[in-house]
Every structure is written in structure tokens, then in C-alpha cells.
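Naming: A, B, ... by sequence-line order, numbering from 1 per chain. Basis for what follows: all heavy atoms, side chains included, without hydrogens, waters or symmetry-related copies.
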Amino acid sequence: MRRLTESFYVRDVLEVAPELVGKILVRRFDDGREECYVITETEAYRGEEDLACHASKGRTPRTEIMYHRGGYVYVYLIYGMYWMLNVVTGHDGHPQAVLIRGLEGVSGPGKITRRLQIDKSFYGEDLLYSNRLWICEPESIGSIEIEAYPRIGVDYAGDYWKNLPWRFVKK
DNA sequence: TCGACGATTGCC
DNA sequence: GCAATCGTCGAG
């Protein structure tokens, strides 16, 4: 399978997030074993003006990676027990990321990182060159149907930002 | 330094 | 309905 390259990730998150649905997430473990999963659900977080995006609080040690060019991994801990897997998108200086919410056979962002053994050590991982995590174009080039819904768990962001249809689900 | 809170999950 | 559990960030 062909690995996605820089030009795929260095675009606006609203282009990348829906296109990641249907792509193949590959995890290579220390013992050399590889597991592939079809991405089924994503969410877009876009810039400092997006009150649901962590970057809305500005540049901090945690959000730093989101300010880099697309293709890096942003991982953070939520509720003290779940790691969230995100893909940085866009150009340098424009904080954006896509939360990977679902894989085929794995429903829920916390379950994804538990299944794939992804933790803080993946913060800043480069999907373009990593030998333990990357994303590929699927072999079959069939068209994929996608539906858009509001993002989950962001009520704190206020009516406008919480209602935007920035969650993308494979039909 | 301290305390409130969270892009979730699973059990009561 | 709600507890688990801890890094992050803003307040003091």
C-alpha cells in the first residue's frame, strides 16, 4: 500500500478530515507484527478561533505540535486515562488537527489507542517517516460515502462551534 | 504550588 | 447516572 505523503496532510483540516475516512491506519509493533485498520470516523479541529480546539488557548507545550506542518501526530491524555490520537494538518503556523474517532472494528477514540498501544511517546511522531505508525491509501479505489455530524463532547465551546458538522463518518 | 476540568469509557 | 484518574493550564 502507498503511504500518504506530505501534500496530503498540508491542506486545510476541513479537506483532510473527511478524506482520512476510508484510509488505512497501519501500526507496526516492536515484534515486527503489523496491523491495518480502515479509518471510519474523524473530527476536525481548526485554528485558535475554534473554541473546541485545544489551540484556542494559544501555543503551549501541549499544543505546540499542532502549529507544525501537517503529517505529525498529536497525542494527549483525557480524563486521566485515555490517550487521543490526532493527525496534524495544514501549513506551518496554522494549528489544526484531526481526531481519529473510529476504526473498522474499533469504535471510540480511547479504545483505538488502547488497541494500538499508542501513548504519550507518539507525541510528535512523523507519519511520513515513522516505522511504527503511518497511514496508507487503500488498494481498492472505490468511492466512499461519508456523512457529516456535529463533534462529540464539545458543549463547552458554545452553540456555534459545537454545532458545526465537523465530524465525518463512513456510511 | 493548588485546584478545576476534560475531544471517554464502562459499570451501577 | 456517575466514578475513575492525572496532565494541563490558569489563578494566586
Side-chain angles (χ1 to χ4, degrees), chain A residues 4 8-23 25 27 35 37-91 93-127 130 133-135 146-171:
Chain A
L4 297 179
F8 178 87
Y9 299 107
V10 184
R11 292 181 294 155
D12 192 275
V13 68
L14 293 179
E15 291 182 56
V16 180
E19 287 187 33
L20 274 176
V21 175
K23 296 293 189 286
L25 180 67
R27 170 77 165 99
E35 290 186 1
Y37 297 86
V38 176
I39 296 173
T40 58
E41 185 174 348
T42 64
E43 272 179 5
Y45 289 86
R46 187 173 186 269
E48 295 183 341
E49 67 272 24
D50 177 2
L51 296 182
C53 180
H54 290 164
S56 64
K57 290 174 181 168
R59 203 163 183 149
T60 68
R62 182 176 67 152
T63 63
E64 172 66 25
I65 196 66
M66 277 201 279
Y67 287 78
H68 287 61
R69 62 120 173 97
Y72 289 103
V73 170
Y74 169 42
V75 170
Y76 66 90
L77 184 69
I78 190 66
Y79 299 117
M81 55 184 96
Y82 300 106
W83 296 102
M84 299 288 105
L85 171 62
N86 298 256
V87 176
V88 175
T89 67
H91 289 85
H94 295 261
Q96 305 184 333
V98 177
L99 170 64
I100 307 299
R101 284 198 73 87
L103 304 177
E104 213 162 78
V106 190
S107 182
K111 295 178 183 173
I112 289 175
T113 53
R114 198 176 54 187
R115 175 82 71 89
L116 299 188
Q117 297 173 36
I118 288 170
D119 59 18
K120 180 79 175 177
S121 75
F122 281 79
Y123 181 94
E125 192 84 2
D126 194 338
L127 294 172
S130 173
L133 187 69
W134 62 92
I135 301 176
I146 297 171
E147 295 179 320
Y149 302 94
R151 295 174 290 183
I152 300 291
V154 295
D155 289 358
Y156 63 84
D159 288 339
Y160 177 73
W161 296 102
K162 88 177 185 194
N163 289 323
L164 291 174
W166 286 3
R167 178 163 62 99
F168 306 97
V169 185
K170 186 168 181 284
K171 197 185 269 185

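With sequence neighbours excluded, the residues that form a salt bridge (charged side-chain N to carboxylate O under 4.0 Å, His left out) with A:Arg101 are A:Glu41, A:Glu43. Under the rule for a salt bridge (charged side-chain N to carboxylate O under 4.0 Å, His left out), A:Asp119 has no partner lying at least two apart in sequence or in another chain. Residues satisfying the salt bridge (charged side-chain N to carboxylate O under 4.0 Å, His left out) criterion with A:Asp155, sequence neighbours excluded, are absent altogether. Under the side-chain hydrogen bond (donor to acceptor under 3.5 Å, both in side chains) criterion, A:Glu125 pairs with A:Ser130, A:Arg132, sequence neighbours left out. For A:Phe168, the ring-ring contact (aromatic ring centres under 6.0 Å, His included) criterion is met by no residue, not counting sequence neighbours. Scored by the side-chain hydrogen bond (donor to acceptor under 3.5 Å, both in side chains) test, A:Tyr79 finds no partners at all (sequence neighbours excluded). Residues satisfying the side-chain contact (heavy atoms from CB on, under 4.5 Å) criterion with A:Glu35, sequence neighbours excluded, are A:Phe29, A:Arg33, A:Tyr37, A:Leu116.
Nucleotide C:dG7 holds its P atom 12 Å from the CG atom of A:Asp119, rounded to whole Å. If you measure from atom CD of A:Glu64 to atom C1' of C:dT8, you get 15 Å, rounded to the nearest angstrom. Atom-to-atom, CD1 of A:Ile65 to C1' of C:dT8 comes out at 17 Å; the value is rounded to the nearest Å. In this structure, A:Lys57 atom NZ and C:dG10 atom P are separated by 7 Å, rounded to whole Å.
Counting only residues at least two apart or on different chains, the side chain to side chain donor-acceptor pair (under 3.5 Å) pairs with a member in residues 57-68 of chain A are A:Glu48-A:Tyr67, A:Arg59-A:Glu64, A:Thr60-A:Thr63. Within the structure, side chain to side chain donor-acceptor pair (under 3.5 Å) contacts touching residues 156-166 of chain A (residues at least two apart or in different chains) do not occur.
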**Asked** Which letter, B, S or -, goes with each nucleotide of nucleotides 4-12 of chain B from 5' to 3', with contact meaning a protein heavy atom under 4.0 Å?
**Response** --BBBBS--

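Counting only Watson-Crick and G-U wobble pairs whose two key distances fall under 3.5 Å, DNA chain C forms stems of three or more stacked pairs at B:1-6 with C:6-11, B:8-11 with C:1-4.
Scanning residues 162-171 of chain A for heavy-atom distances under 4.0 Å to DNA chain B yields an empty list.
No side-chain donor-acceptor contact under 3.5 Å links A:Thr40 and A:Glu104.
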